[in-house]
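Protein chains get the first letters and strands the later ones, always in sequence-line order, with residue 1 at the start of each.
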Amino acid sequence: MAVPYNHHEVEQKWQKIWDEERAFRTSNDYSKPKYYALVEFPYPSGQGLHVGHPRPYTALDIVARKRRMQGYNVLYPMGWDAFGLPTENYAIKNHIHPRIVTKNNVERFKGQLHSLGYSFDWEREINTTDSEYYKWTQWIFLKLFNAGLAYKSEMPINWCTSCKVGLANEEVVNGVCERCGSEVVRKVKSQWMLKITEYADKLIQGLDTVDYIERVKVSQKNWIGKSQGAEVDFALTGKEEKLRIYTTRPDTLFGATYMVVSPEHPLIEKYKNEIKNYDELVAYREQAAKKSDFERTELVKDKTGVEIAGLTATNPVNNKEIPIWISDYVLMTYGTGAIMAVPAHDERDWDFAKKFQLPIIEVVAGSKVSVQEQVYTDVATGTLVNSEFLNGLSVADAKEKIIAFLEEKGIGSRKTNYKLRDWVFSRQRYWGEPIPIVHCEKCGFVPLDESELPLMLPEVESYEPTDNGESPLAAMTDWVNTTCPHCGGPAKRETDTMPQWAGSSWYFLRYTDPDNKEALASKEALEYWMPVDWYNGGMEHTTLHLLYSRFWHRFLYDQGVVPCPEPYQKRTSHGMILGSNGEKMSKSRGNVVNPDDIVQDYGADTLRTYEMFIGAFDLSAAWSEDGVKGCRRFLERVWKLQDILVDGDGYSADLETKMHQTIKKVSGDFECLKYNTAIAAMMALINEFYKKNAVTRGEYRTLLVLLNPVAPHITEELWQTAGYEGRIYQTTWPDYDEAKTVESTVEIGVQLNGKIRATVMASKDADKDAVIAMAKEALGDKLTGTIVKEIYVPGRLVNIVAK
RNA sequence: GCUGGCAUGGCGGAAUAGGCAGACGCAAGGGACUUAAAAUCCCUCGGGGGCGACCCCGUGCCGGUUCAAGUCCGGCUGCCAGCACCA
């Protein structure tokens, strides 16, 4: 009898041995085929590891371990995305330096990851808060600045009232701060911006060249929000000046019955003396500004607005004079901040026109405007009417014709717009990368020289953000006051720091060559390792980290720094692990599971197996302690196979097919996120061993290798106990023979008129007539009437159709 | 509202490419072992009917294609996720 399975002993023993043997060290032998597997590096929070973390980490650990056994040089690294607000807030509250907080948290996380037996190459560990790391984050920023892609701008930003910090659009969710849930208001501040909009098209096009799961591609395209249309100039009645609008439906120009400009549109200030109701407009603007984004969204159905008295416009195609309104349903930040309103064919314009009783002219036939009080939106089948030279054309043709007309007359042109906004890159915070720019009275914004990097984050007395929205660094006059690198005159350092997304926008490059002092990574390392072959991470990062890092990488490609345009060849996403009640785990709900407890009570191998078995990888799944027990039971049964181990290096005749089938199934499923069915196949296999009460050494060996990526410790121990050569992590992945995955004799279902009535056993390559004859015999006297059709699906079923 | 996705036993979930629905696990029930319990092992386990070989029904709902539909097509309903006054 085997000794009982003691997961503490087994797991600690092998973790120590792997460390000593540097088992998972990445090789620098660039002649071998490479495989770069990547998971999102965690933010080392004070709470420690969440049971959600092991799901993606285990999944790619499986892939990494399997690839190593298949002969690849594998890079599977880990590091720390350690700048960020929670650490800073914790530091403020407890009067501990954020550096110390980070160090403690990293230590805890690292210990926890280590206890789970991941094959990360810890010799390549990185930390975004190391000056040797953020030196290169700053270096990339300088590149962006020098390329004209970083600029400072006075602009209304999303301001979190609680964090006292500016947020990127991507960080505002339902009008509240993504991180703390507090109200977000608009505040005009001078901010560093990155021109991600310049890369909008490249970021869309790049998606066609990579293998991302569909919903990630769709989300990114959606977020970038490309739309094609035209800009058209409407003359202001009696003025030289034109009012420029953007529309995706230039074909409906004849249906424009009024115009709307955003409340912040400069037109209003410009003509304040001629506008008769200027005060009313200002009052409306102030009211609109007070609304949070959330309120603006909530009030979608109820349109508001004020007509500008004393100012009208002329529709350039029919010279009709039309009124101009202001309304907050038109945004200053998109297009030109002004629209032509075509109420018959736009739902928002329709609502507005109905409310203020403005005229509605149908210009695309098929409209239900008059009959059903409803706007017409079927672009595909409509025909133009009431539109002079456009009459009778389809929407698509009318668009082309009108654009040609506008361009010829010089009153409009084709135009593409994006929803994507430039990236607000400043944070008024301490715990981030200093921005390597000084401001000189004479020379303006001047970048530091590369040789001055890293610009170290100075020690400060207090990390509290100030109420006037300045970074804590602003109080450090010694640090702030410097000289201009350009003219040598007095200058001030930038006191804002970079957002958390900076360090994570290029970290995958640093792993390829983490100690390089001369470059962010050597050319050779980048050429060998990039792109990342498989990157897995959360859906919540689709429009933040994933988009930002693609932008930086594409920029670095254009600069000749990296060898490929896209950083990630393949992107997958995992589902969330929920509490046992099906709700998101949280302290307040009391449904949090600590991975340390599971490792303690059941072992890392059980946790890993369970998280892979819990359900479809991309869907969320509720935690179940009973499910954990089931997986532990499975590992116990694997352990006890020792007791029924028999001689024989090959597979026994009756299990040969099953063995080949299982190798094929497990090998394939590990490649396409179907870890649950891979494990199910291994469970089914050991059930076969127990049915026979025997497992040959050859069968056992194969099972251990297949299971090793999922449960590395127990399989390594059993491998040693059984006396196989070397370590299991050094062995090769088993092959299967396709021909042997099919049983020589198969059970064939016999259908009569599409319903199963019997089964017959037949050789897998028996001919059709023979099988059908057997089927008829099996049906016996159930088979009545005239046979009209006989169908044979080789190796599967027979269907006899009789009338 | 738009976009993407999903809907299968008591539960989590399986089911190449349209070809025997419910693999694997959990829970439950019964049995063995035990003074007892736990653990372990064996059996049953979608619903209904029949002593029985067997028969009928069944993959959210309605219809269609097909010898054959969980799978394909059309129309609904419900749920999840992302975006949301982007002209």
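- At the heavy-atom level, A:Arg757 lies under 4.0 Å from the strands shown only through sugar-phosphate atoms.
- At the heavy-atom level, A:Lys755 lies under 4.0 Å from the strands shown only through sugar-phosphate atoms.
- Annotation: B:U59 and B:A14 have their C1' atoms spaced 12 Å apart (nearest Å).
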Seminar exercise, completed: In 5'-to-3' order, the base (B), backbone-only (S) or no-contact (-) status of each nucleotide in nucleotides 18-27 of chain B, using a 4.0 angstrom heavy-atom cut-off, is -BB--BBSSS

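- In this structure B:C11 sits in a base pair with B:G25, meeting the Watson-Crick or G-U test at under 3.5 Å.
- Residue A:Tyr329 places none of its side-chain N or O atoms closer than 4.0 Å to OP1 or OP2 of B:A87.
- Annotation: B:G30 and B:A15 have their P atoms spaced 33 Å apart (nearest Å).
- With sequence neighbours excluded, the residues forming a ring pair (Phe, Tyr, Trp, His ring centres under 6.0 Å) with A:Tyr199 are A:Phe551, listed by chain and number.
- B:U35 makes up no base pair with any nucleotide shown, lacking Watson-Crick or G-U wobble contacts both under 3.5 Å.
- Residue A:Lys674 is in sugar-phosphate contact alone, with no base atom involved, counting any heavy-atom pair closer than 4.0 Å across all strands shown.
- Using the Watson-Crick or G-U wobble rule with both distances under 3.5 Å, B:U59 pairs with nothing in any strand shown.
- Distance from the side chain of A:Trp223 is smallest to B:C83 among B:U40, B:C67, B:C83.
- Taking the ring centroids of A:Tyr602 and A:Tyr610, they lie at or beyond the 6.0 Å cut-off.
- Judged by distance alone, with hydrogens and angles left aside, A:Lys419 brings no side-chain donor or acceptor close enough to the base of B:C83 to form a pair under 3.5 Å.
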So which protein N/O to nucleotides 2-9 of chain B N/O distances come out below 3.5 Å?
none

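- By the neighbour-count criterion of 12 heavy atoms within 6.0 Å, atom CD of A:Glu777 is sparsely surrounded, having that number or fewer from other residues, nucleotides or ligands.
- The separation of B:A23 from B:A68, taken at their P atoms, amounts to 26 Å, rounded to a whole angstrom.
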